[in-house]
Novice: 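Sharing a structure here in structure tokens format.
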There are 2 protein chains.
Amino acid sequence: MMRLGIDLGGTNTVVGLCTLDGVLMDKISAPTKTGDPDGLCAVMHDLCRDLCDKHNIPYSEIEQIGIGLPGTLVKATCTLTFGTNLGMSNVCFAHAFEPEFNCPVNIDNDANCAALGEFYGGAGRGTRNLLMVTLGTGVGGGIVLEGKLYTGREDIAGEIGHMVIVPNGAPCNCGRHGCLETYASATGLIRLAREAMEQCPDTCLHAMVQENGGKLTAKMVCDARDAGDALADRVFNDYCDYLACGLTNLINVFQPDAIVIGGGVAGYGEKLLMPLRERVHAQQFKIAPEGTPIVAATLGNDAGIIGAALL
Amino acid sequence: MMRLGIDLGGTNTVVGLCTLDGVLMDKISAPTKTGDPDGLCAVMHDLCRDLCDKHNIPYSEIEQIGIGLPGTLVKATCTLTFGTNLGMSNVCFAHAFEPEFNCPVNIDNDANCAALGEFYGGAGRGTRNLLMVTLGTGVGGGIVLEGKLYTGREDIAGEIGHMVIVPNGAPCNCGRHGCLETYASATGLIRLAREAMEQCPDTCLHAMVQENGGKLTAKMVCDARDAGDALADRVFNDYCDYLACGLTNLINVFQPDAIVIGGGVAGYGEKLLMPLRERVHAQQFKIAPEGTPIVAATLGNDAGIIGAALL
């Protein structure tokens, strides 16, 4: 028996063939048909058949199809209730793969699937309780407790980015002010850098931004820091303080076995993780001398496919 | 079959006789023998026997003995590792009730037992995922997920009071600054009131404090507010803002089915809960129009006994 995991993104639909213990054997993809539920389902269905055919796997050998979705959903009815980036709402996937595939279809949001993927096959292997924190445009979260995804009431738990850490702080898209997301996302790092640059108009960051057509990215802040820019270093330290505050809050509440950090900012690797660990371990509640392990995600985009397969 | 639940407090040891579904039939108590592990165990043992004898229940009819402890512990080995208020460390309770009681002995901390008690027999009845928040000297937390206590790594999860909500805020005993506990505990309310009184030396609160020998309590702030004192009202509103910030953070992460509020400050009842709900429901992530239920604990001190019996 095998499983199929689908990462249904706003741009691409990727279907992966996985073993029952979460090893990704192969994956194929096609552009996502946004705004067209029937077309979108037909593409997923075709990709599932093609992948099985390619590996000579009878459709009856597929034990489960899982889909990771960007949006709100009701797991019990296998329904996407609202997916902004997919341009559709109230789409039920329960029978989308019939008649060839008569197996159960399970769905969850993409952040949760990524957490489950890292839990089974990535940086979270061997843990029971795992938090995955994704530092991208926003700050996403996935919570695995006692080996299972925890999604709470209305399947919307895990919005760790929307924990206020600065009262009356920067406005957040969620309507609150001072959310972790507004400080610890890539977008937050860029905003912190822009604010600092205004105070200090003569740094290497200004030159880099000018060369880049006025655009500032999180990576440029990291590059400027690596090049010895003092302003970038100060901004990065502030960023680490905010992120460490949020992670320590989560640790004191959850005491997970590990925190896995993914997303674009995690690409800065140990240069991010080392100062983070230092700050978090100095603050967190603990009994053992060593603090909660904070590690980088290892599966990249495959985490969501593997996690979906294992839903 | 019946169960025994023990609330081992720094002052009193209370043993309760419970049905298997958590109905407290009777309870008896004696002073806690602090600093004397053997004496403390002997008192618990005696109380267990006395309570069974009183109700003509054979010792063999006791299916489980549970103990709620104030301190850090290792559940797997049934050991209190450190209990400041009990004046002892590294005490194993696994065989404390033999030979009469050969049933399993389970332990957990007192806040977790209270949460479990409210979950089974109090304000949290009918939920699957429940957070209990205790507003006393500190801010305590107990987390019930999928019907089970969640205690995390080293059995120390649930320290929701040690979530920083004000960076560089008031210093906390835990070593951090700006923890929820420093703003939303009874102690926090008193501190907020003291700070406000310094700014505004002519209010009814000053007179009340003077009448009370210079001592300010959380209840006095509530009483002054009820009497129409503007300063007390402002302090109380600030208090609600901080507490609502913390509760909303928790809801966005956990999306529990309900939050049960206990502890001294919860004695202010709907006058606390109504403004809290208003603030939290306006800020929280939700799909359904109604926000997460926020309700008062109903079992008082019995929650810890019932929860211990049901460990």
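As the structure is a computational prediction, the values presented were derived from the model and not from experiment. Naming convention: chains lettered A, B, ... in sequence-line order (proteins, then strands); numbering from 1 in each chain.
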Novice: Using a heavy-atom cutoff of under 4.5 Å, enumerate the residues of residues 285-296 of chain B that contact chain A, numbered in order, or state 'none'.
Specialist: B:Phe285, B:Lys286, B:Ile287, B:Ala288, B:Glu290, B:Gly291, B:Thr292, B:Pro293
Novice: So, do B:Arg176 and A:Asn252 sit near enough that their side-chain heavy atoms are less than 4.5 Å apart?
Specialist: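 Result yes, sub-4.5 Å side-chain heavy-atom pair found.
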Novice: Picking from B:Thr72, B:Asp155, B:Asp257, B:Thr248, which has the most non-hydrogen pairs under 4.5 angstrom with chain A?
Specialist: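 Of B:Thr72, B:Asp155, B:Asp257, B:Thr248, B:Thr248 has the most heavy-atom pairs under 4.5 Å with chain A.
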Novice: Using only non-hydrogen atoms and a strict under-4.5 angstrom cutoff, which residues of residues 179-200 of chain B touch chain A?
Specialist: none
Novice: When only pairs under 4.5 Å are counted, which of B:Glu159, B:Gln284, B:Arg153 shares the most heavy-atom pairs with chain A?
Specialist: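 The residue among B:Glu159, B:Gln284, B:Arg153 with the greatest pair count is B:Arg153.
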Novice: May I ask you to list the residues in residues 164-175 of chain B that approach chain A closer than 4.5 angstrom, counting heavy atoms only, ordered by number?
Specialist: B:Val164, B:Ile165, B:Val166, B:Pro167, B:Cys174
Novice: Name the option with the most non-hydrogen atom pairs under 4.5 Å to chain A; the candidates are B:Gln283, B:Glu154, B:Arg128.
Specialist: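 Maximum pair count with chain A is reached by B:Glu154.
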Novice: Using a heavy-atom cutoff of under 4.5 Å, enumerate the residues of residues 137-151 of chain B that contact chain A, numbered in order, or state 'none'.
Specialist: B:Ile143, B:Leu145, B:Glu146, B:Tyr150
Novice: Within the 4.5 Å heavy-atom criterion, are A:His162 and B:Ile251 side-chain neighbours or not?
Specialist: no
Novice: Starting at NE2 of B:His177, measure out to SG of A:Cys245 and round the result to the nearest 0.5 Å.
Specialist: 12.5 Å
